[in-house]
Every structure is written in C-alpha cells, then in structure tokens.
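See structure below.
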Amino acid sequence: MRIRVQNEAFDLGAEVDAMRAGRTDIGAIASFVGLARDMNEGSGVAAMTLEHYPGMTEKALAKLVDEACSRWALLDVTVIHRVGRLLPGDPIVLVAVAGQHRGEAFAACEFIMDYLKTQAPFWKKEETVDGERWVEARASDDAAAARWTDS
Amino acid sequence: MRIRVQNEAFDLGAEVDAMRAGRTDIGAIASFVGLARDMNEGSGVAAMTLEHYPGMTEKALAKLVDEACSRWALLDVTVIHRVGRLLPGDPIVLVAVAGQHRGEAFAACEFIMDYLKTQAPFWKKEETVDGERWVEARASDDAAAARWTDS
Amino acid sequence: MTLRILYFARLRERFGLAEETLDFSGATAADLVRQLQARGGVWAENLAAGRTFRVAVNQEIVALDAPLPDHAEVAIFPPVTGG
Amino acid sequence: MTLRILYFARLRERFGLAEETLDFSGATAADLVRQLQARGGVWAENLAAGRTFRVAVNQEIVALDAPLPDHAEVAIFPPVTGG
C-alpha cells in the first residue's frame, strides 16, 4: 500500500511494475491517471495550482484505501496525488489497484477515484485569460461517490 | 487507436505516455493489465501458452474498440494482447482508454475487457504438475459481458 | 462448394488437424457440423449436440443457422479464454 | 477552550488568513461558525447559511452539530476539487 502527495511527476509504468515485482498471484491491475486539461467550464486553462491540507490529505487517502480494502479482496493499492503548479497535459493523480480478478480491481479503482474527488482535501485554482478562478465542486462528482453507498 | 497482437512484453508506461504525448485535451486515462497467475482452478500453473486465430483476432479486437467508441466519447484506445508461452507474473493483455472524463474511460476500459474475454479468439493452455490443460471458459465472463447488453 | 475449415485449441488437438479444405453440399453451419460429426470418433464426440463450441464464418462468430458462402473460411473452436 | 483554526483555498484567500488560534466558549462546529459570522464582512458573507463549505475537526470532515474538543484543529474549506 503506497500513498503519496508530491510535487514531482509520477511514473505509471514504474508504479505498476513495483506492484507486480516478484509476485505471481496478481491477475489484474486496474489503474487510472487524471490529467490537467486545457479547457474547463468552456474556457481555456493556461495552468492550475493544487492546494491541499497537509496531514489530513494523507489520512483521508489512507481512509479511502482502507475502505476499498474492506469492500474488495485487493492485493495492493497505490495512490499518488500531485500538488503545486501544473500545466495542461500534466498528470495529476494516479490510482492503481491489484487483485486476483479484474472485477474487483476495476471497481476498487473507480471507487477510490470517486471518493477521492469528494473526500480528499485538494483544491484546484485555474489560471485563465480572465484571471485566476477556484474550480467549483461538481454535482456529478457527488453523484458518482453516492453510487457506492446505494449498493 | 492501436491494436496489437504480439509475442513480446509490452510497456504500460510507454503506451500511456504515447497516448497523451502532445495532447492537452485528455482528462482521464483508465487502463488495465491482465497477468498470468501461478494458480488457477485450485492448482499450480507453471506456465501457459496462448493460441489465437491470426486475422480474426485483429478484426475482433477492432470491432470491440469500434463498439466502445460508438458507446462513449473516447479520445484514444490501445489494446495489446500477447500470444505464445508466458510465465506466472507475465502481463498478458493491456487495455488503455483516454477520455475527457473518468466515467467514460473506466466504463469503456471495462467493457473492452469484458467483451475481449468472450469475443476475441484467444485460448489459454496451462502447464500444471498434472500435465497440460486447456482453460475452460468461465460463466462469470459471459455474465460480465452480458451486463453491457442489458443497459 | 468448397470450404476452408480451421480448428483451434482443444479441438485442433483432438482432431489432430489445424486446417482442411472440404467439399460441402449443405447450406448452413449446422449442416457442416453434421457432415463432420458423421466422421465418427473424435469428430462425433467433440461436435455432439451437448458440446460447447463456436463457429466463425469469414472471421465472424455466427449462429449455427448461418448460411455458408462458397469458398468461406470456417473456423470451429472452443469458447475463447483470452485476456 | 482554545481552538486552532485553518482556512483553505477560496476561503483562505477571502479571509486573508490561513490560520488562527481562537478562544471559544461554544460547544459545536455550528457555534464556531456563528462566532466567525459575527465578525461581519467577508466572514458573514462566506459563512452565511446558504453558502457551501466544509468543516473538519482533527482532520476528519464532520457535520455542523459535531462537538469541538479543547485544542481541536478545526479546518474550514470549500468543497474539495482534487483528482
């Protein structure tokens, strides 16, 4: 289980290779990378800055991962979230989940992303031609997270 | 769109980097790697050999990807499936899907894997202490693929 | 008509044959299966009514009532297990 | 009792304050919010009843009726937007 909050870029291939190194019991690794886009709410984004709540962030991510591990039989989980200033095209977040079978790996990976979007204390501020703006929380993210409490 | 059937190992990091190179419109890349396990149906697996139907395989994979692209607004898809002899721990299949948002990327990635499992002409033969055996199709894979026709 | 028939995986091994060219006077995939069953032995056994196998015509999986065009490439194989 | 209060993101900018230590005589997170609203200006505006914000106590998001223990670390911030 690896949880990291960092300024630096991450390497998806290296993280997934680290998960499977020396193991022969993993049948499935589902992973997700979220990237900074050049467009949001219909206007161009030149850059963004990610702020977080040091201390709480790591706790909140660990709690999400624990919750995922209690719902599915997982073999390993990695979550990495970047903070600081990022440009369009830069990777922001990585979630990788290893399991015996694909169903649980996919479900847990999507669950962690959905909860991260509503539970982990990160905030994005975008730089646009009209100046800076804080990204507003999206109702669709609340809806995505709520799916997991109905089932 | 990249579809490949090959003997060689693939590099998840390089494939995902190739998807996002020079682009700033991708917000989400969901990916999946399936690996050879050392255990199946309760007994040890020393190695496996993947046979396929050259010609049909590529067509079947292209059809799955087309179907995914008609269901979701995707920005790019990569599918790589290995054939030949593989050892436990070796990656077998890679599916990576890029989209603007995570919901469609996750759904399309899982859809392609579910359909690949029931529609693409690959067959696994395992080497066990009791000799060689062909892997039997699993009812759970049919059920996973059937989910997508109910919705 | 003439058909090119391919066998894969367990069926290829059981039949001891990967490929053959066949004269065929029937109309559908089911007719072809009956013609092969009539060979008896491993053919009758592995293509019996209760056994699970798939038929592809020109590289598309089809149902048993699918018509077979002349010079079709027909493949008979077990349910797939890749991924 | 004494509380350490942290502000993040848009609220940090609006209040012009990242952190403060506060004497608090209430009981719950709602009491603290009322005490901060009473400062008027940007405080009243951004913590008004209709405005959306979150409260964390000792690094766990809580509901407004949550009790505040002495020396708690309380954070007030907008809905999160990471990932």
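Chain naming here is simple, since letters A, B, ... match the order of the sequence lines and numbering starts at 1 in each.
Between chain A and the options Pro79(D), Ala9(D), Pro78(D), Ala75(D), heavy-atom pairs under 4.5 Å are most frequent for Ala9(D). The most heavy-atom pairs under 4.5 Å with chain D, out of Val135(A), Ile92(A), Leu94(A), come from Val135(A).
Lys59(A) touches chain D through its side chain: at least one heavy atom from C-beta onward sits under 4.5 Å away, while N, CA, C and O do not. Only the backbone of Ala120(A) comes within contact range of chain D, with at least one heavy atom under 4.5 Å from a heavy atom of that chain. At a 4.5 Å heavy-atom cutoff, the contact between Lys124(A) and chain D is made by backbone and side-chain atoms alike. Within the 4.5 angstrom heavy-atom criterion, only side-chain atoms of Ala56(D), from C-beta onward, approach chain A.
Inspection of the Ser43(A) and Arg133(A) side chains reveals an N or O donor paired with an N or O acceptor under 3.5 Å. A donor-acceptor contact closer than 3.5 angstrom links the side chains of Glu13(D) and Trp134(A). There is a side-chain donor-acceptor pair under 3.5 Å between Tyr7(D) and Glu20(D). Counted by atom type alone, His52(A) and Thr57(A) present one or more donor-acceptor pairs between their side chains at under 3.5 Å.
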Exercise for review: With side chain to side chain contact (heavy atoms under 4.5 Å, CB included) as the test, would you mind laying out the steps for Leu64(D) and Thr28(D) before giving the verdict?
Suggested key: CA-CA 7 Å; Leu64(D) 280 177; Thr28(D) 67; over 6 Å; no

